[in-house]
Colleague: 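Submitted below is the structure of interest, expressed as structure tokens.
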2 protein chains.
Amino acid sequence: MAFTASAPRAFIQQQNLVEQVADYLTQAIIQQHFLPGERLSEVQLSRDLGVSRAPVREAARLLESRGLLISKPRRGFFVRALNAVELEDVFDLRLCLERHAIHRLVERYTPEAKRALEEQVDVLCEAAESNDGTRRIEEDLQFHRLMLHYAGNERLLRAFDDLTHELRLCITLITKTHEAPDTIATSHFKLLEALDSGSPDACHEAIDYHIGVARKFVVKGVGETGEHSDEDILPR
Amino acid sequence: MAFTASAPRAFIQQQNLVEQVADYLTQAIIQQHFLPGERLSEVQLSRDLGVSRAPVREAARLLESRGLLISKPRRGFFVRALNAVELEDVFDLRLCLERHAIHRLVERYTPEAKRALEEQVDVLCEAAESNDGTRRIEEDLQFHRLMLHYAGNERLLRAFDDLTHELRLCITLITKTHEAPDTIATSHFKLLEALDSGSPDACHEAIDYHIGVARKFVVKGVGETGEHSDEDILPR
DNA sequence: CGATTGCCGACTGTCGACAGTTTTACCAGC
DNA sequence: GCTGGTAAAACTGTCGACAGTCGGCAATCG
């Protein structure tokens, strides 16, 4: 993950094999080194990574709970492939969570939260100028994560984080198109304005518009490629 | 999943060891055979259940992702204990999900959905008459699960199911009080009426009231016992 | 008498191995 | 050439074992 850079480790890295394997797999999936629907062999992975099967299994289970892998009994793990319907569902849930979050947030909009969000928009704008698509996405998600954080409901944040893994998956899978930097910027500025106004309705409208745009981008991508049939990988 | 109070061994024999262990642990936690904050020893569990540590570990990881257990590196797994704040968060998220669900549902309220929900209310009323507290809770949750199901967003349903595990935990932990059977009944009838009316606002109001009542019951329980301090078990 | 340090037991993280099942490859029959 | 069945190969589910680590306890020192 791009987040790992900020993690306070780097002193001793001899521990937590499971986490390391999970990170590796996450990266590999997002960067499409494993294709959607592809089967992952435990033995081969453990050979490639130089670890035993136990941590690989645990890591795979972890990714399964995050919705990146799907396990079929006695068959193994498969890379999750999202069809159009599931994609819509993901964005619908995202809308559900973020609407609720911004309603809470506008009622407790502290100067601290305001500053943090504004700073993050700056970072995001900077990232938008660069060519690093992954970083743009991460900074974008980070902004929304901050919103959820300052909304003051840890469980809500966790639900969002859960969803984020899938979100990251479908965004990276499809969005090859470069969103214009200023589009990203203004889109987020509107959220800040709505929060500043203190009006729940304005916030509601802003977040609906914001997520609607993101959704359109992604869903359009699916429609164009037409790569994913109606039943790609059965959910469970 | 029938579960005998204390019988561990020989229960586990057929297939899907992980799932069975997970079910066993879930039941044991909900029925308070393991107390909140208590540490679970992998070796002891594997001895008691007559299986090796591998499935126990995987099951524990599963319950961790469901929020029933918490793992500390090199220390093992602990039974999750919710403090008052986390409890509020859970119910707030529940409100978020169910509001969204009922809004979707009222827009696609098919006769099939209507019938299914009405049947479930019947079952629930029947269960409410009985003394089986667990069954009452399960049937109640099942009603809400049906609502989420007919709302037509699988991912939303999954988020609800995730939350349900924690919900079950705190409800069972605290609610020793018997809700009056007719209270339960009318409370759900109001939801059906709101859906029948086809008015989103009515639905919104009905679900807010409904969950507000449930929340008050549980939160009051916490306040009364005062058993849980502000920091019981650190979340992660 | 209180604080610190070293030791001991217990436990987790990880590993390699075995058994049963699924998939694949191959061959015979149509 | 294609289909169906059989056998080998590969893989998952599960197990027991070993080593490093953590917490607690006791002996030692100030």
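Small disclaimer: the values here were computed from a predicted structure and weren't measured.
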Colleague: Mapping B:Val43 and A:Arg53 to their closest nucleotides on DNA chain C, which lands nearer the 5' end?
Modeller: B:Val43
Colleague: Within the structure provided, determine whether A:Leu156 and A:His100 are in side-chain contact (heavy-atom separation under 4.5 Å).
Modeller: yes
Colleague: Just how far is it from atom CG of B:Leu40 to atom CD1 of B:Ile29, taken to the nearest 0.5 Å?
Modeller: 6.5 Å
Colleague: Does the side chain of A:Gln31 reach to within under 4.5 Å of the side chain of A:Thr134, using non-hydrogen atoms?
Modeller: no
Colleague: Taking the side chain of A:Pro55 as its heavy atoms from C-beta onward, which of C:dC11, D:dC11, C:dC15 lies nearest to it?
Modeller: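 For the A:Pro55 side chain, the nearest candidate turns out to be C:dC15.
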Colleague: Could you write out each protein N or O paired with an N or O of nucleotides 19-22 of chain C at a distance under 3.5 Å?
Modeller:
none

Colleague: Roughly, in whole Å, what's the span from CZ in A:Arg61 to P in C:dT14?
Modeller: 17 Å
Colleague: Can you tell me how far C1' of C:dA17 sits from CD of A:Glu42, to the nearest Å?
Modeller: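 For the pair A:Glu42 CD and C:dA17 C1', the rounded distance is 15 Å.
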Colleague: Roughly how far apart are B:Leu167 CG and B:Leu87 CG, rounded to 0.5 Å?
Modeller: 9.0 Å
Colleague: Calculate the interatomic distance between B:Arg47 atom CZ and D:dC15 atom P; express it in whole Å.
Modeller: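 That distance rounds to 15 Å.
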Colleague: Nearest 0.5 Å, please: how far is CG in A:Leu25 from CG in A:Leu68?
Modeller: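 Result: 9.5 Å between the selected atoms.
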Colleague: Verify the contact: side-chain N or O of B:Ser52 to OP1 or OP2 of D:dT14, cut-off strictly under 4.0 Å; return yes or no.
Modeller: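 Indeed not, no polar side-chain atom of B:Ser52 lies that close.
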Colleague: What is the separation between atom CZ on A:Arg57 and atom P on C:dA17, rounded to the nearest whole Å?
Modeller: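 Atom CZ in A:Arg57 sits about 17 Å away from atom P in C:dA17.
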Colleague: Tell me: NZ of B:Lys72 to P of C:dT12, nearest whole Å?
Modeller: 13 Å
Colleague: Let me know the distance between CD of B:Gln44 and P of C:dC11, rounded to the nearest Å.
Modeller: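 Checked: the CD to P distance equals 8 Å.
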Colleague: Look at all strands and tell whether A:Leu40 reaches a base, only sugar-phosphate, or nothing, counting heavy atoms closer than 4.0 Å.
Modeller: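 Sugar-phosphate: the residue A:Leu40, judged by heavy atoms under 4.0 Å, touches backbone atoms but no base.
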Colleague: CG of B:Asp92 to CZ of B:Arg94: how many Å apart, nearest 0.5 Å?
Modeller: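 Result: 12.0 Å between the selected atoms.
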Colleague: B:Arg115: which residues meet the side-chain contact (heavy atoms from CB on, under 4.5 Å) condition with it, sequence neighbours left out?
Modeller: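 Testing B:Arg115 for side-chain contact (heavy atoms from CB on, under 4.5 Å), a comparison that skips the adjacent residues, returns B:Glu112, B:Glu119.
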Colleague: Could you give the CG-to-P distance, from B:Leu49 to D:dC15, as a whole number of Å?
Modeller: 11 Å
Colleague: Return the value, rounded to whole Å, for the distance between atom CG of A:Asn16 and atom C1' of D:dC22.
Modeller: 15 Å
